[in-house]
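Positions are given from 1 along the sequence.
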Amino acid sequence: MTTRNPAAAYRSTAVETRVHEADPHQLIALMLEGAIQRLRMAEACIASGDFTRKAKAASEAGAIVDSLSGCLDFSQGGAIAARLEALYDYASRRIVAANAANDAEGFGEVAGLLDDVFAAWKQIKPA
């Protein structure tokens, strides 16, 4: 496959390598990081008027949040998993609403919530 953008190809390869080498804990961290990056991109795209890229970034962020929700282990996570499920459900709905309304603050709100989860997740050491 040829690419017209060598930098994009390099980034894609670097991400694929990180995913393939990651343990489950690191995969969740990568997903959180990816969702936050896409939310920040959507926020910036509203400011620049690039609504096509905003929609793509929002869609990708929403898909990642939905995947995070699907990764929850309720048998081991208990109340924390239930709270995360509620947070991810809210985040997903908020992303859809922010996308429809071109609401940069909505994207920023969700990015902030996921930043908090990401910071806490990085403090957890896998068993």
Taking only residues two or more places apart in sequence, or in another chain, which ones meet Gln37 in a side-chain contact (heavy atoms from CB on, under 4.5 Å)? Glu33
Set of side-chain contact (heavy atoms from CB on, under 4.5 Å) partners for Asp115, sequence neighbours left out: Ile36, Arg40
Quick one: do the Tyr90 and Glu85 side chains pair a donor with an acceptor below 3.5 Å? no
Met31 atom CE: more than 12 heavy-atom contacts under 6.0 Å: yes
Are Asp50 and Lys54 within salt-bridge range, i.e. N to O under 4.0 Å? no
N/O donor-acceptor pair under 3.5 Å between Gln123 side chain and Ala120 backbone: no
Between [X] and [Y], which heavy-atom pair has the shortest distance, and what is it?
X: Ala58; Y: Ala42; answer: N-CB, 4.3 Å
X: Ala55; Y: Asn99; answer: CA-OD1, 3.7 Å
X: Ala81; Y: Asp73; answer: CB-O, 3.9 Å

[atom1]/[X] to [atom2]/[Y] distance, rounded to the nearest 0.5 angstrom?
X: Leu113; Y: Arg94; atom1: CG; atom2: CZ; value: 9.5 Å
X: Leu114; Y: Arg38; atom1: CG; atom2: CZ; value: 12.5 Å
X: Asp116; Y: Trp121; atom1: CG; atom2: CH2; value: 15.5 Å
X: Lys122; Y: Ile28; atom1: NZ; atom2: CD1; value: 15.0 Å
X: Leu87; Y: Ile80; atom1: CG; atom2: CD1; value: 13.0 Å

Do Leu30 and Leu72 belong together in a cluster built from hydrophobic side chains that touch within less than 4.5 Å? no
Can you get from Ile46 to Met41 by hopping between Ile, Leu, Val, Met, Phe, Trp and Tyr side chains that sit under 4.5 Å apart? no
Let me check something: any side-chain donor-acceptor pairs from residues 63-70 under 3.5 Å, sequence neighbours excluded? List them with distances.
unit_1, atom_1, unit_2, atom_2, d
Asp66, OD1, Ser92, OG, 3.0
Ser67, OG, Ala63, O, 3.1

